[in-house]
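Take a look at the structure set out below.
Since the model is a prediction, treat every value here as computed from it, not as a measurement. Side chains included, hydrogens not; waters and symmetry mates left out as well; all remaining heavy atoms used.
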Amino acid sequence: MKELAIIILDWNGAEDTIECLKTLNNHSLYDIYLLDNGSKEDNNKKISDFLTVPYYEGVTAETTLESFEIGEKEITYIHSETNLGFAVGNNAIAKKICNSYKYILLLNNDTEVPSGTIESMLKTARDKKTVALTCDIRIYYRKNELWNAGGYFTILGERKYYSQKKIDSLKNQGVKYIDAPFITGCALLVDAEQIRKHGLFTDKFFHGEEDFNFCYKLAQKKKRVGVDLSVALYHKVGKSIKRSSGTQNYNSMVVNFSNRVIDFKEFYNPLRWGIWRIIYLSLLFCRRSMTGMKPKMAFELCRRIHRISDKYNDVRKTIFDEIMAMEWK
């Protein structure tokens, strides 16, 4: 059994993906599975052209999700005709390869990985016996600024991230590892045994929520999840986010909060879930109103989340598209 496989998803982000691959140069330590998630043809050509130059000597021929071989080459470049989303795309590869590796690292394509980071994460995962692990993730364009280093769950079903002040203080004290009930999927190192026994992500959500659901289940089972603070990687957060209209921003909020409300149907019985939803949406209304959203709009936001969470038990792609097409008056 090999030590590590890295899964990277690309959706029309060839430039970032290529830059990420250039930082992953320890070919003896891991295999890479790169999934083109329904990108445009010119995006695929950029990546194919990069992979055919002698930067990687062991690149497999381009293949599909149904037909790729495990561990034949250093990089396996896989194509999907449609955008499967983050969770389903990672699940499709992880399910097929998990019997061949001890660990699987899910890595965002818009990251830069300094030398030694992955080696340290592997050692920490083994030493601390974590089921899932991340590291100190900083913002690519402001490398001293924290983006994410884990967090915890609140009683109301929210996640609270550890602050930069807290993380920097711990690092200054020489702390190299912390437990963190919630960690992001941006750079997620998972013990493959967990995937073999229980799978990876829920497939109920097309965009977002999969890492929350994954970590919440592990917390319920009291599995160890943590952060390697001795190393960092850098995330180009915000680079690919284009200026959106007000309607798109509102609809994105509807998706994000509907994901959370629907997600808790899995963890609470109907009565508890109904009471929790009233409290959750009431607090959401207050917070949005206090942070600049007009009360009428905040009420409409909560009303739509309430209606969607009544109607649906998932937010897969068709429902995601339906929500993103909503009109606001």
Counterpart residues, salt bridge (Lys or Arg N to Asp or Glu O under 4.0 Å), relative to Asp31 (two or more places apart):
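Partners of Asp31 under the salt bridge (Lys or Arg N to Asp or Glu O under 4.0 Å) test: Lys2.
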For [X] and [Y], indicate whether the former's side chain and the latter's backbone hold a donor-acceptor pair under 3.5 Å.
X: Thr17; Y: Asn109; result: no
X: Asn37; Y: Ser80; result: no
X: Ser289; Y: Cys286; result: no
X: Asn91; Y: Phe201; result: yes

With sequence neighbours left out, which residue pairs that include part of residues 269-285 fulfil the side chain to side chain donor-acceptor pair (under 3.5 Å) condition?
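As it turns out, the side chain to side chain donor-acceptor pair (under 3.5 Å) pairs with a partner in residues 269-285, which skip direct neighbours, are Arg277-His306, Arg277-Ser309, Arg277-Asp310.
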List the residues meeting side-chain hydrogen bond (donor to acceptor under 3.5 Å, both in side chains) with Glu66, not counting sequence neighbours, and say none if there are none.
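Residues passing side-chain hydrogen bond (donor to acceptor under 3.5 Å, both in side chains) with Glu66: Thr64.
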Within the 6.0 Å centroid threshold, strictly below: Phe153 and Phe212:
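Here the rings of Phe212 and Phe153 have centres that are less than 6.0 Å from each other.
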Do Tyr30 and Tyr103 have ring centres separated by under 6.0 Å?
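Not under 6.0 Å, so no.
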Could you check Lys204 against Arg316 for side chain to side chain contact (heavy atoms under 4.5 Å, CB included), going step by step and ending with a plain yes or no?
CA-CA 6 Å; Lys204 292 190 298 186; Arg316 293 185 170 91; 4.2 Å; yes
Under 3.5 Å side-chain donor-acceptor pair for [X] and [Y]:
X: Gln173; Y: Ser169; answer: yes
X: Tyr312; Y: Glu322; answer: yes
X: Asn213; Y: Thr202; answer: no

Under the criterion side chain to side chain contact (heavy atoms under 4.5 Å, CB included), I'd like the reasoning laid out for Leu107 against Ile32: C-alpha separation, chi angles, the key distance, then a yes or no.
CA-CA 10 Å; Leu107 185 65; Ile32 298 172; over 6 Å; no
Atom CG in Leu283, atom CD1 in Ile278: separation rounded to 0.5 Å?
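Here the interatomic distance stands at 12.0 Å.
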Counting neighbours of NZ on Lys165 that are heavy atoms of other residues, nucleotides or ligands and sit closer than 6.0 Å, is the number greater than 12?
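No, the 6.0 Å shell around NZ holds no more than 12 heavy atoms from other groups.
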Show your working on salt bridge (charged side-chain N to carboxylate O under 4.0 Å, His left out) between Asp211 and Arg159 and close with a plain yes or no.
CA-CA 11 Å; Asp211 51 3; Arg159 57 188 167 206; 3.6 Å; yes
Distance under 6.0 Å and angle within 45° of the ring axis: does Lys160 meet both against Tyr162?
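No, cation not above the ring by the 6.0 Å, 45° rule.
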